[in-house]
Amino acid sequence: MSEPGYSRDEIMTVTAARQLRNGAVCFVGIGLPSAACNLARLTHAPDLVLIYESGTVGTRPVVLPLSIGDGELAETATCIVPLPEIFAHYLQRGRIDVGFLGAAQLDRFGNLNSTVIGDYAHPQVRLPGAGGAPEIATYAREVLVVMKQTPRSFVARLDFCTSCGYLEGRGVRRTFGPPGAGPQAVITDFGVLRPNPDTEELELASVYPGVTADAARAATGWPLNVTRTLAVVPPPEPRELEVLRDLHARTGAAHARPVHIKLPS
Amino acid sequence: MSEPGYSRDEIMTVTAARQLRNGAVCFVGIGLPSAACNLARLTHAPDLVLIYESGTVGTRPVVLPLSIGDGELAETATCIVPLPEIFAHYLQRGRIDVGFLGAAQLDRFGNLNSTVIGDYAHPQVRLPGAGGAPEIATYAREVLVVMKQTPRSFVARLDFCTSCGYLEGRGVRRTFGPPGAGPQAVITDFGVLRPNPDTEELELASVYPGVTADAARAATGWPLNVTRTLAVVPPPEPRELEVLRDLHARTGAAHARPVHIKLPS
Amino acid sequence: MPLLSLREAIATYVKDGASVALEGFTHLIPFAAGQEIIRQQRRHLHLIRMTPDLVYDQMIGMGCASRLTFSWGGNPGVGSLHRLRDAVERGWPQPLTLAEFTHAEMAVAYQAGASGVSCGVMPRHAPSDLARVPGTAVREVQCPFTAAPLAAVPALTPDVTILHAQQIDARGNVLIRGIVGAAKEAALAARQLLVTVEEQVETLGSDMNALILPSWVVTAASIVPGGAYPSYAHGYYPRDNAFYLAWDEIARDRERFSAWMERHVLGVPDHAGLLRALGVAA
Amino acid sequence: MPLLSLREAIATYVKDGASVALEGFTHLIPFAAGQEIIRQQRRHLHLIRMTPDLVYDQMIGMGCASRLTFSWGGNPGVGSLHRLRDAVERGWPQPLTLAEFTHAEMAVAYQAGASGVSCGVMPRHAPSDLARVPGTAVREVQCPFTAAPLAAVPALTPDVTILHAQQIDARGNVLIRGIVGAAKEAALAARQLLVTVEEQVETLGSDMNALILPSWVVTAASIVPGGAYPSYAHGYYPRDNAFYLAWDEIARDRERFSAWMERHVLGVPDHAGLLRALGVAA
């Protein structure tokens, strides 16, 4: 089989972007989610509202930020609000349609670990921690998880549960009454996992062109179920790739620009 | 005796202004306290920090506001903060040195009623209510009360206690642990009442020139004690009167200016 | 976010019996919206506002309200609201049930509403009779860390909040500038948010830290020049302090009040008509 | 509000063992102040910040801190903080005790501190293991109105908060513009507030609704141009994203880290020296 004309990162980004309907209000994470949201905004969803947890509301960056609070986000925002308000008035108040999450570990019910690998008191790897994730997982109407799929990251058992997915599945999450519906899709470098409507266990719902279910299974630390009608994700369209590559090129150029500070003499 | 060259309102205002040390942070009420604070700022206390509960911090109005939120206060402020912050970050957080209060009724311990005359459920007079007074009475390091003294306003028993002075006196207030020290002076149209150091009952500490203790007693609804060394308030100095009258003249002219609104045709 | 005439906005979103907060702290009081509510003869409203002032006096005196949640109900710098007093003291034109807070408590109540939490906490103010008032909603709780007594204040979540603001841009974002009071918190606490504005502009041109309500939190907006008069809109027109003084006389007497309302509010089609009738606009 | 050299400000107000919050959310991070703390070899600090980043990595790696209260400790957009990890995982150069919050919880903790109340409340997030972590300070309480479970978060009141800001005026008022994070809340929650600024100006010339810290809430200020580098000061210089990427390599190795700190921080007299050593300033 010939090499496709796009990378795994690119089809992940395009696939994530396609999940977003025009007009939705998104709580954007940094990295691939940020690329996906801006790709969506620059293609099929021009009225997507992007909120970064730094307090920038309705931002329309020309280049992608490296951090959640680059100046670019501030300059192109509808407004900037203090951080406590982003969490209280927007997220907690139920104004966010879609939240993006990533993590070091994910289990079959979409629960996420971004705290530690190993024992909490004596960790093998201390990860950055919770940040905004537990509240995004709780309050966003819908959560999209974006993660590379490996047996070390898609695990049978989390070392630590930082953010709640479907807990043990079969409706347990709903008994705790969080406003959000939980992770609706997990976008990986193999395809897309979605919760089974009954068990709420994540199942492989679609794969990228040329990817097999067996390959995805081999990259998963639990016996991965596959939906009866496994779909194939349509490959990125030329327009999607063009916009995405332009965005990355602009971003690379901007981030390489050296900083000069003029000191008073 | 000849008429003094000033009104009772003027000597009240001047006396209130003299209580304010330069640099103090004042939570200003509207009316006479506002005139007194600005008089102080324009005379002996140029660095007085005036805060109005509308959120205007460090305001330096050229004319007196009629309301607590006139545009004049906004235009001359160091900054404007949302109302919840004025109460939480400034007053409650203990950043206010002096708070001004008035009321419809005051009792011998400086407790204040601005809620109802008569029974709460069937009031003879429904007054405007608490506003910011209970928190000013609690948190301002020091409270100055400004009220005209009559048997109907200086009463033996409040119809309703809206804001706490010394409660029943003799240290009872302190047992509730409010950060502020309570009313340090009550400035009336007869003179100044101050709390007795032991009993915390308000006593006539000084009178205006030409005012007798008996006249003040007759204007009080409880048997008013007089301090052993009843002082006479020095009359307003020409400079104080001049600045105050200028302020009122500017204010009168500004408030009489008709408003015109241009509608789009 | 649709742009509607004020008449349509009130007809669509303010229903009899609704809880309605027309916020504004001296500045940007939505007078036009309140007077349109009077024209449309809404009844049994639960009015909410920290500082009910003249427009609430008018709504109460015209029989629109049966309940009032507030923290200070007077004519700022002038004195009483005579129609509010008449309703409370003598039940005219109908009784008014009061629920009262202090300013600080009510600010916490709005903040809790805007934050999607059922209550907020604050230190208790020193003892007063406010705690024993029938309508009080504040309860004492204990801090789980210090055991200090705290006041818990239930969230306020009005069915509709109505604000007046300076500008709306082509995308529907709304700018509020100057004294903001608890406008932001009241706006975000509400189930629906109506806004009247002085004018529509292409872009707001405001600083990046300005107070802006994004279009997608606004339910509907109406362009109503002068919509805060006799309150003011910073950068547009000043507060008509003389009107506030005059209102004290107008509202003191039931008949004079009714005649004034008949002529200046019911007798004109809209706010521009009122401004012309008062000689404020040509 | 005295204007001091940064050296004098740190020497006077930051003591061994103090709780210190150098706040800033990606923007306006007080790097110069943190590096001066390193130069003055403070020990046993309780560091507080929502997003401890490179300057906290540096302070931890240089042995200034024994405790960290935080909500997300990484190199934004890049990955781990290797010195933070080394302290937590292997106790180098000394063990670091962690107290962790979520962002939303820590924002409430600062707000409570800024508001003079011993705790704040918020709805509980959905179940996670965070509640069973030894250092957690959040407790479940019941809403007295709805009986819903709420999270109570104890107030954070740092001994000293340090911010970097754009400008200070002749009266000592400080302007913060752009992304503000929880800077205001951290500032007002603290017992003492130090500020470094890009420059002093006669008047700020900012909008009336700008975020300004009045001079009388500021304990002391220092003029430190470039004081947020490699973070940024909106309107002055951009974030040096390349430096953040480079730091990942520098900090990964103890010896390389120590050599870098020796040369660029300990080996220069002040922040201007560091900027020159890095070739960022001429």
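Please read these numbers as outputs of a predicted model, since none were measured by experiment.
If you measure heavy-atom distances from D/Leu275 to chain A, the contacts under 4.5 Å come from the side chain alone. For A/Thr56, the part lying near chain D is the side chain, with the backbone staying farther off; criterion is any non-hydrogen pair under 4.5 Å. Using a 4.5 Å cut-off between heavy atoms, D/Phe243 does not touch chain A at all. Residue contact with chain D, scored on non-hydrogen atoms closer than 4.5 Å, involves the side chain of A/Pro178 exclusively. D/Arg124 touches chain A through its backbone: at least one of N, CA, C or O sits under 4.5 Å from a heavy atom, while the side chain does not. Contact of A/Glu72 with chain D is not made at all, since no heavy-atom distance falls under 4.5 Å.
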May I have the step-by-step check of side chain to side chain donor-acceptor pair (under 3.5 Å) for A/His122 and D/Glu89, ending in yes or no? CA-CA 7 Å; A/His122 305 283; D/Glu89 294 166 14; over 6 Å; no
Residue pair A/Lys262, D/Tyr237: steps toward the side-chain contact (heavy atoms from CB on, under 4.5 Å) verdict: CA-CA 9 Å; A/Lys262 225 185 122 202; D/Tyr237 46 89; over 6 Å; no
Quick one, A/Glu135 with D/His103, criterion side-chain contact (heavy atoms from CB on, under 4.5 Å). Give me CA distance, side-chain angles, the key distance, then yes/no. CA-CA 9 Å; A/Glu135 277 82 15; D/His103 278 350; 5.8 Å; no
Walk me through it: do D/Arg239 and A/Ser67 pass the test side-chain contact (heavy atoms from CB on, under 4.5 Å)? CA-CA 9 Å; D/Arg239 191 170 191 268; A/Ser67 81; 3.3 Å; yes
Hey, mind stepping through D/Tyr236 and A/Ile261 against side-chain contact (heavy atoms from CB on, under 4.5 Å) and telling me if it holds? CA-CA 8 Å; D/Tyr236 287 81; A/Ile261 296 175; over 6 Å; no
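A/Ser114 has its side chain out of reach of D/Trp72: every pair of non-hydrogen atoms, C-beta onward, lies at least 4.5 Å apart. Annotation: side chain of A/Asp70 is in contact with side chain of D/Asn241 (closest heavy-atom distance under 4.5 Å). Side-chain contact between D/Leu130 and A/Phe160 is present, with heavy atoms from C-beta onward closer than 4.5 Å.
Counting heavy atoms of neighbouring residues, nucleotides and ligands inside a 6.0 Å radius, atom CZ of A/Arg152 does not exceed 12 of them.
Under a 4.0 Å N-O distance rule, the pair A/Arg126/D/Glu100 qualifies as a salt bridge.
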